[in-house]
Asker: 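First the structure, which I've put down as structure tokens, then a few questions once you've had a look.
Throughout, a chain's letter reflects where its sequence line sits, starting with A, and its residues are numbered from 1. For clarity, every value in this text was computed on a predicted model and none was experimentally measured.
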Number of protein chains: 2
Amino acid sequence: MSAGLDAAAPAAYLSLMATHPSAKDLYERHKRLSLHLEGLGFALDLSRLQASEADLKALEPALHRALEQMAALEKGAIANPDEKRMVGHYWLRAPELAPSDDIREAINLACGQLGTFTTSIHNGSLAPERAKAFRHVLLVGIGGSALGPQLVCDALARSGDPMTVHFVDNTDPDGIDRTLASLGGELPATLTVVVSKSGGTKETRNGMLEVSHAYGAQGLTFGRHAAAITQEGSKLDAVAREQLFLERFPMWDWVGGRTSVMSAVGLVPAALQGIDISELLSGGKEMDEATREPAPICNPAALLAAAWYLCGTGQGHKDMVVVPYKDRLQLLSRYLQQLVMESLGKRDDLDGKCVHQGLTVYGNKGSTDQHAYVQQLLDGPDNFFLTLVEVLRDRSGDEPTLEVEKGITSGDFLSGFLHGTRRALTDRGRESLLITIDQVDARRLGAIIALYERAVGLYATMVNVNAYHQPGVESGKRAAAEVLTLQAQILAWLRARPGESFAAEPLAEAIGSDDPESVMRVLRHLAANPHHGIERTLAVQAAPWDAAYAAKT
Amino acid sequence: MSAGLDAAAPAAYLSLMATHPSAKDLYERHKRLSLHLEGLGFALDLSRLQASEADLKALEPALHRALEQMAALEKGAIANPDEKRMVGHYWLRAPELAPSDDIREAINLACGQLGTFTTSIHNGSLAPERAKAFRHVLLVGIGGSALGPQLVCDALARSGDPMTVHFVDNTDPDGIDRTLASLGGELPATLTVVVSKSGGTKETRNGMLEVSHAYGAQGLTFGRHAAAITQEGSKLDAVAREQLFLERFPMWDWVGGRTSVMSAVGLVPAALQGIDISELLSGGKEMDEATREPAPICNPAALLAAAWYLCGTGQGHKDMVVVPYKDRLQLLSRYLQQLVMESLGKRDDLDGKCVHQGLTVYGNKGSTDQHAYVQQLLDGPDNFFLTLVEVLRDRSGDEPTLEVEKGITSGDFLSGFLHGTRRALTDRGRESLLITIDQVDARRLGAIIALYERAVGLYATMVNVNAYHQPGVESGKRAAAEVLTLQAQILAWLRARPGESFAAEPLAEAIGSDDPESVMRVLRHLAANPHHGIERTLAVQAAPWDAAYAAKT
């Protein structure tokens with residue numbers, strides 16, 4: 001590892017943008033403010049931030065504290081106080097660091113279980129009911145149970161993979177129909193993997209029931225085409241036992257959903273697709289080692305957290321725009337959206353003070369995004385910092401590649417657009433970070449995931465929030481449950497009075513609801529889906545809130 | 001059309017969030033602040049914004065002015081002063097409104113040309129060189145030449161479509177390889193449609209050359225599998241003539257890239273996929289008619305523009321998060337990212353004053369996003385307003401649908417999650433808009449596109465910027481061209497001295513560049529791609545900026 005940053009360097013540099021630096025000044029700044037992990041083929045460059053090196057230096061005590069807390073967490077401290085959980089995703093790639101023999105054994109056991117299962121699926125010894133062998137994987141999961149697998153499987157897909165992985169990540173029946181249709185006639189050769197840590201996530205439960213129904217409609221036994229990834233004893237675990245699923249993989253309370261990609265959640269689909277998961281784990285482990293470095297300026301995760309802090313003054317005042325110049329990494333920003341925003345977007349800090357912390361993430365890929373919203377990044381409000389991800393290797397294979405102009409390849413253009421955009425942003429006083437990797441492979445992807453996992457943890461400590469819970473989302477789920485309860489009341493009332501028409505307000509009053517708007521919204525939705533047997537009656541045709549609905553006679 | 005808003009209504013309501021309204025208050029507010037286009041199956045609800053009705057009323061003069069300017073623009077006024085262009089995407093769905101016979105005839109001619117072409121492709125009378133008929137479309141385009149087609153083709157895809165549409169929307173060689181590989185052996189049955197308004201976009205040119213090379217490698221003539229959509233006389237037009245492309249479709253200077261989805265750009269791939277483009281156009285036309293309504297409070301586009309203005313105080317202070325609860329609409333936010341951010345993200349206003357205007361857009365789909373970043377929306381910084389898109393119809397077909405709990409379908413859950421999230425956000429003082437459509441079909445999609453096109457135009461007038469140019473992006477392209485010129489210089493220098501090693505700084509000096517960092521970045525990229533014949537030499541192994549490179553001997 002070679003670090004341009006030197007703890008002893010003079011700390012009195014001016015902010016980048018105040019100095020209108022020449023290209024040579026920028027190069028000197030690059031040397032001082034970038035970090036290369038040559039062994040891993042990874043580099044991080046902070047030189048195009050506005051912050052001065054003195055600003056960075058001033059953060060060192062906070063970074064030291066964050067690194068110390070991270071060390072305690074890695075040793076098994078309770079890092080999620082309200083859920084009283086340990087946070088151990090780091091152990092997944094280094095079981096020897098787990099704080100107990102039980103945990104260590106559980107990780108190793110799951111790893112062995114996965115190897116055996118994958119081999120049996122690939123060699124056809126574990127075969128479906130009717131088809132000769134499994135050729136497709138259908139993962140049913142949402143949030144942390146889908147975003148990691150989607151990123152990994154898409155980034156590392158190669159033609160010739162033994163299996164292709166498809167996803168049901170919502171409770172949209174039309175979306176599920178589409179995914180099932182996209183399998184063509186291949187459902188009998190499809191292994192469905194249902195992923196839910198708690199085993200109680202409604203979207204996933206619904207997706208599983210829809211998919212199970214589709215197998216049934218083809219005369220196939222769902223359990224003989226299914227595996228589950230869930231906590232022991234969960235509802236899903238019970239279903240998997242009852243229906244004799246082919247396999248049940250564990251989840252543990254010390255792995256959070258959004259950091260579960262290197263547990264069975266990410267590894268099962270990856271291994272089935274043919275990805276070398278040992279490389280993914282090893283990249284994660286190497287980055288973990290590099291990011292345990294106690295000197296913040298030599299630690300890429302600490303530098304990344306510091307960059308976020310400096311860009312958004314520790315309050316997320318600027319959006320983090322993530323643009324990898326590589327199609328394979330297009331889902332990175334969506335993955336980071338969850339990892340970063342769900343971890344940092346918190347009302348209260350650890351002292352119970354209302355702080356409304358967060359850090360917004362968006363982005364797709366370059367140079368495509370240059371033809372979409374980069375116009376605004378260049379000319380619009382200075383409300384973001386860009387993270388450019390550069391991949392040095394253009395395409396696989398060593399054969400001569402097509403020249404699109406004399407001596408220039410499409411990959412050279414891609415590289416030129418990245419550096420051109422970076423320069424144009426700097427010229428306009430807009431901040432950017434640059435991450436460079438040699439190529440997109442399992443090892444580098446594992447390293448990038450591990451880098452962001454740790455950076456999020458460190459940043460959370462710097463701004464004093466709990467990165468490992470998500471208290472807000474329960475309120476939406478509760479409100480949704482109330483809407484569904486209301487729907488049941490409405491259906492019962494109308495069906496008991498077939499042909500009798502009700503507008504929303506009188507109906508709300510009749511069933512004792514104080515929420516006529518929700519009654520109206522439920523009625524509209526019911527009437528749009530004929531199988532419920534509720535229709536909008538013609539009695540009143542004025543404003544929609546006067547519309548009346550009745551159960552069919 | 002029934003508008004809850006009444007121009008004569010008393011204007012003195014308090015801000016929503018200041019009043020802690022009951023569900024009944026919210027329903028009354030909903031009645032006053034929502035607009036239903038019953039004929040179109042469309043509704044827009046502003047009731048969960050923080051703004052008061054007085055705030056909205058105060059915007060009326062500005063909205064009136066914007067509507068008047070829009071009327072002038074629709075009559076053919078020069079709306080893009082620095083490019084001296086008319087802005088006529090509205091005429092695409094109502095040629096009778098075009099300001100000249102030439103334009104009217106051009107639109108009608110292109111429409112007829114498309115009909116004939118689509119029929120010939122579908123019935124196999126226009127067949128590829130070797131395969132029996134075309135079964136796939138490969139669209140090569142970027143930005144406005146890809147985002148619209150991607151949205152439309154994905155939103156309206158059905159199993160049983162006559163053709164499937166694939167995309168090359170970047171100059172990433174690995175990404176192009178992946179797309180070509182995903183065609184399986186079907187390249188001989190693939191029609192490539194190259195889309196570039198100017199005909200000079202490098203990414204598209206590169207994509208075309210790569211794809212053409214792939215046909216060539218299979219002994220196929222590219223022109224016999226290609227069509228072009230471009231301006232008459234462009235570089236691409238010349239290539240298409242030379243290589244005897246199957247067809248050339250026109251683009252016109254009065255259609256901007258980001259509003260071109262209802263020109264040949266969007267219609268050709270849509271028609272080939274089997275979409276009823278007359279419905280798409282008709283939905284656009286109906287929404288155009290509804291949004292020409294001169295009373296702002298009865299005009300959905302004016303209301304939408306007003307909502308954006310009120311949420312972000314006319315300066316884009318809040319991000320627009322767009323979350324359709326429907327998998328088919330997942331690309332809507334990416335489409336709107338371009339339409340909104342490229343149109344509004346401007347440094348100078350129309351008077352030449354530096355204003356740094358813009359409006360940030362991101363989002364994916366619900367309820368999936370509830371398991372990703374909605375935690376931050378609920379608990380984090382109040383730096384956004386959410387646009388929820390509700391689709392009343394759950395799935396196609398009238399047959400009974402699966403119940404996932406007694407009396408409840410997956411679609412009911414989807415609806416419950418939408419309304420639950422909306423309520424949870426309101427409870428926390430977070431703003432949201434709600435758009436409701438009956439179903440996702442060509443007509444509603446055309447209407448939504450037209451709605452946003454007009455809302456962007458109106459908002460641009462309100463904040464006094466030119467919505468129809470993109471002056472910033474040229475700087476990135478220029479800087480990219482400089483990097484590629486530098487690469488040519490570096491290659492020439494090193495190849496003239498095979499085996500001689502240079503580090504970045506001495507090399508920069510030798511070739512007369514004042515930018516050693518760019519030299520270093522070009523060297524790293526060249527060395528990572530062996531076909532260039534440049535290697536990192538072992539002489540110096542210290543910090544990366546001291547690394548040296550040489551041409552192979």
Asker: Is the backbone of B:Tyr373 close enough, under 3.5 Å, to the side chain of A:Glu342 for a donor and an acceptor to pair up by distance?
Answerer: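 Here the side-chain-to-backbone pair does not exist.
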
Asker: Do you know which of A:Ser145, A:Ser415, A:Ser159 has the most heavy-atom pairs with chain B at a distance under 4.5 angstrom?
Answerer: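 Maximum pair count with chain B is reached by A:Ser415.
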
Asker: With a 4.5 angstrom heavy-atom cut-off, which part of B:Ala157 approaches chain A: side chain, backbone, both or neither?
Answerer: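 Looking at B:Ala157, backbone and side chain both touch chain A.
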
Asker: Of the listed residues (B:Asp394, B:Val473, B:Val440, B:Val391), which shares the most heavy-atom pairs with chain A below a 4.5 Å separation?
Answerer: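 Ranked by contacts with chain A, first place is B:Asp394.
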
Asker: Which answer fits B:Ser182, side chain, backbone, both or neither, if we ask what part of it has an atom under 4.5 Å from a heavy atom of chain A?
Answerer: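 Neither part, no heavy atoms under 4.5 Å.
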
Asker: So A:Lys24 and B:Glu517, side-chain contact (heavy atoms from CB on, under 4.5 Å) or not? Walk me through it.
Answerer: CA-CA 8 Å; A:Lys24 279 183 188 172; B:Glu517 182 174 344; over 6 Å; no

Asker: Measure the CZ-CZ distance between B:Arg205 and A:Phe413 for me, rounded to the nearest 0.5 Å.
Answerer: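 Separation between the atoms: 4.5 Å.
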
Asker: Hey, which of A:Asp514, A:Val404, A:Leu378 has the most heavy atom pairs under 4.5 Å with chain B?
Answerer: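 With the most close heavy-atom pairs to chain B, the winner is A:Val404.
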
Asker: Sub-3.5 Å donor-acceptor pair from the side chain of A:Thr171 to the main-chain atoms of B:Leu414, do we have one?
Answerer: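 The answer is no, because no donor-acceptor pair under 3.5 Å joins these two groups.
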
Asker: Should we say atom CZ of B:Arg178 is surrounded by more than 12 heavy atoms from elsewhere, each under 6.0 Å from it?
Answerer: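 Yes, because the 6.0 Å sphere around CZ of B:Arg178 holds more than 12 heavy atoms from other groups.
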
Asker: How many angstroms lie between OG in B:Ser518 and CG in A:Leu26, if you round to the nearest 0.5 Å?
Answerer: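 These two atoms lie 9.0 Å from each other.
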
Asker: Please classify the contact between A:Gln330 and chain B as side chain, backbone, both or neither, with a heavy-atom cut-off of under 4.5 Å.
Answerer: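 Side chain only.
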
Asker: Hey, which of B:Ala372, B:Ala43, B:Ala23 has the most heavy atom pairs under 4.5 Å with chain A?
Answerer: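 Top count of heavy-atom pairs under 4.5 Å with chain A: B:Ala372.
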
Asker: Suppose we screen for side chain to side chain contact (heavy atoms under 4.5 Å, CB included). Which residues come up paired with B:Val483, at least two apart in sequence or across chains?
Answerer: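 A:His419, A:Arg423, B:Val522.
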
Asker: Apply the test side-chain contact (heavy atoms from CB on, under 4.5 Å) to residues A:Glu210 and B:Arg395: give CA-CA distance (whole Å), side-chain angles for both, the deciding distance (0.1 Å), then the verdict.
Answerer: CA-CA 13 Å; A:Glu210 295 274 0; B:Arg395 76 199 318 165; 3.2 Å; yes

Asker: Please determine whether a side-chain nitrogen of the Lys or Arg among A:Asp174 and B:Arg393 lies less than 4.0 Å from a carboxylate oxygen of the Asp or Glu.
Answerer: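 Judged by the 4.0 Å cut-off on N to carboxylate O distance, A:Asp174 and B:Arg393 do not form a salt bridge.
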
Asker: Could you have a look at A:Gly175, A:Ser367, A:Gly476 and say which one has the most heavy-atom pairs with chain B under 4.5 angstrom?
Answerer: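 The candidate making the most pairs under 4.5 Å is A:Ser367.
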
Asker: What part of B:Leu209 gets closer than 4.5 Å to chain A, counting heavy atoms only: side chain, backbone, both or neither?
Answerer: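 Both the backbone and the side chain of B:Leu209 come within 4.5 Å of chain A.
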
Asker: Looking only at heavy atoms, which two atoms of B:Leu392 and A:Ala528 are closest? And how far apart?
Answerer: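 Reported closest heavy-atom pair: CB-CB, 3.5 Å.
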
Asker: Let me know if B:Arg258 has heavy atoms under 4.5 Å from chain A in its side chain, its backbone, both or neither.
Answerer: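 Contact with chain A involves no heavy atom of B:Arg258 at all.
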
Asker: Could you give the distance from CD (A:Glu203) to CZ (B:Phe417), rounded to the nearest 0.5 Å?
Answerer: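 Atom-to-atom, A:Glu203:CD and B:Phe417:CZ are 4.0 Å apart.
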
Asker: For residues A:Arg521 and B:Leu434, determine if any side-chain heavy atom of one lies less than 4.5 Å from a side-chain heavy atom of the other.
Answerer: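 Answer yes - side chains close enough.
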
Asker: Would you please test A:Glu390 and B:Arg524 for salt bridge (charged side-chain N to carboxylate O under 4.0 Å, His left out) and show each step?
Answerer: CA-CA 11 Å; A:Glu390 176 187 30; B:Arg524 293 193 75 182; 5.8 Å; no

Asker: Below 4.0 angstrom, N of the basic side chain to O of the carboxylate: do A:Lys326 and B:Asp172 qualify?
Answerer: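 Looking at A:Lys326 and B:Asp172, the cut-off is met.
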
Asker: Specify the closest pair of heavy atoms between A:Gln338 and B:His371, including all atoms of both residues, with the distance to one decimal.
Answerer: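 The pair with the smallest heavy-atom distance is NE2-O, 2.9 Å.
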
Asker: Please identify, among A:Glu482, A:Gln487, A:Gln370, A:His213, the residue contributing the most non-hydrogen atom pairs under 4.5 Å to chain B.
Answerer: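 Option with the top pair count is A:Gln487.
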
Asker: Please classify the contact between B:Ala181 and chain A as side chain, backbone, both or neither, with a heavy-atom cut-off of under 4.5 Å.
Answerer: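 Just the side chain, heavy atoms under 4.5 Å.
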
Asker: What heavy-atom pair brings B:Ser475 and A:Ala424 nearest, and what distance separates the two atoms?
Answerer: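 Taking every non-hydrogen atom into account, OG-CB, 3.6 Å.
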
Asker: With a 4.5 angstrom heavy-atom cut-off, which part of B:Arg478 approaches chain A: side chain, backbone, both or neither?
Answerer: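 For B:Arg478, neither part sits under 4.5 Å from chain A.
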
Asker: What part of B:Thr179 lies closer than 4.5 angstrom to a heavy atom of chain A: side chain, backbone, both or neither?
Answerer: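 Interface part for B:Thr179: neither.
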
Asker: Measure the CG-CD1 distance between A:Asp327 and B:Ile176 for me, rounded to the nearest 0.5 Å.
Answerer: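 Answer for the CG-CD1 pair, A:Asp327 versus B:Ile176, is 8.0 Å.
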
Asker: Parallel, tilted or perpendicular for A:His30 and B:Trp545, by the 30°/60° rule?
Answerer: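 If you compare the ring of A:His30 with that of B:Trp545, the planes turn out perpendicular.
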
Asker: Taking the side chain as every heavy atom from C-beta outward, state whether B:Arg347 and A:Arg428 have any atom pair closer than 4.5 Å.
Answerer: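 Sidechains of A:Arg428 and B:Arg347: no contact.
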
Asker: So does A:Pro173 get a backbone contact from the side chain of B:Ser410, meaning a donor-acceptor N/O pair under 3.5 Å?
Answerer: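 Between the backbone of A:Pro173 and the side chain of B:Ser410 there is no qualifying donor-acceptor contact (under 3.5 Å).
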
Asker: Which region of A:Glu28, side chain (C-beta onward) or backbone (N, CA, C, O), has a non-hydrogen atom less than 4.5 Å from a non-hydrogen atom of chain B, or is it both or neither?
Answerer: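 Only the side chain of A:Glu28 comes within 4.5 Å of chain B.
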
Asker: With chain B, which of A:Asp169, A:Thr421, A:Leu526 has the greatest number of heavy-atom pairs at distances under 4.5 Å?
Answerer: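 Going by pairs under 4.5 Å, I would pick A:Asp169.
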
Asker: So, B:Lys346 and A:Asp379, do they make that salt bridge, N to O below 4.0 Å?
Answerer: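 A salt bridge is absent here (no side-chain N lies under 4.0 Å from a carboxylate O).
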
Asker: In chain order, what residues pass the side chain to side chain donor-acceptor pair (under 3.5 Å) check against A:Thr409, with sequence neighbours excluded?
Answerer: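 With sequence neighbours excluded, A:Thr409 shows a side chain to side chain donor-acceptor pair (under 3.5 Å) to A:Asp412, given in chain and number order.
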
Asker: Given that the side chain runs from C-beta out, which part of B:Asp319 has a heavy atom under 4.5 Å from chain A: side chain, backbone, both or neither?
Answerer: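 Just the side chain, heavy atoms under 4.5 Å.
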
Asker: So does B:Gly345 get a backbone contact from the side chain of A:Gln375, meaning a donor-acceptor N/O pair under 3.5 Å?
Answerer: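 Side chain of A:Gln375 to backbone of B:Gly345: a pair is present.
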
Asker: Select, from B:Gln315, B:Glu474, B:Lys365, the one with the greatest count of heavy-atom pairs under 4.5 Å involving chain A.
Answerer: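 Most pairs with chain A among the choices: B:Lys365.
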
Asker: Please look at B:Met208 and chain A and tell me whether the side chain, the backbone, both or neither of the residue comes under 4.5 angstrom of a heavy atom of that chain.
Answerer: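 Neither; nothing under 4.5 Å.
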
Asker: Hey, what do you get for OH (A:Tyr362) to CD (B:Gln337), rounding to the nearest 0.5 Å?
Answerer: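 If we round to the nearest 0.5 Å, A:Tyr362:OH and B:Gln337:CD are 7.0 Å apart.
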
Asker: So which of A:Leu359, A:Asp438, A:Val374, A:Asn383 has the largest heavy-atom pair count under 4.5 angstrom toward chain B?
Answerer: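 Counting heavy-atom pairs under 4.5 Å, the top option is A:Leu359.
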
Asker: When rounded to the nearest 0.5 angstrom, what distance separates CD in B:Gln376 from CD in A:Gln470?
Answerer: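 It is 13.5 Å, given to the nearest 0.5 Å.
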
Asker: Could you look at B:Lys406 and say if it's the side chain, the backbone, both or neither that has a heavy atom under 4.5 Å from chain A?
Answerer: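 The answer is neither part of B:Lys406.
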
Asker: In terms of heavy-atom proximity below 4.5 Å to chain A, should B:His317 be classed as side chain, backbone, both, or neither?
Answerer: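 For B:His317, there is no contact with chain A at all, as no heavy atom is under 4.5 Å.
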
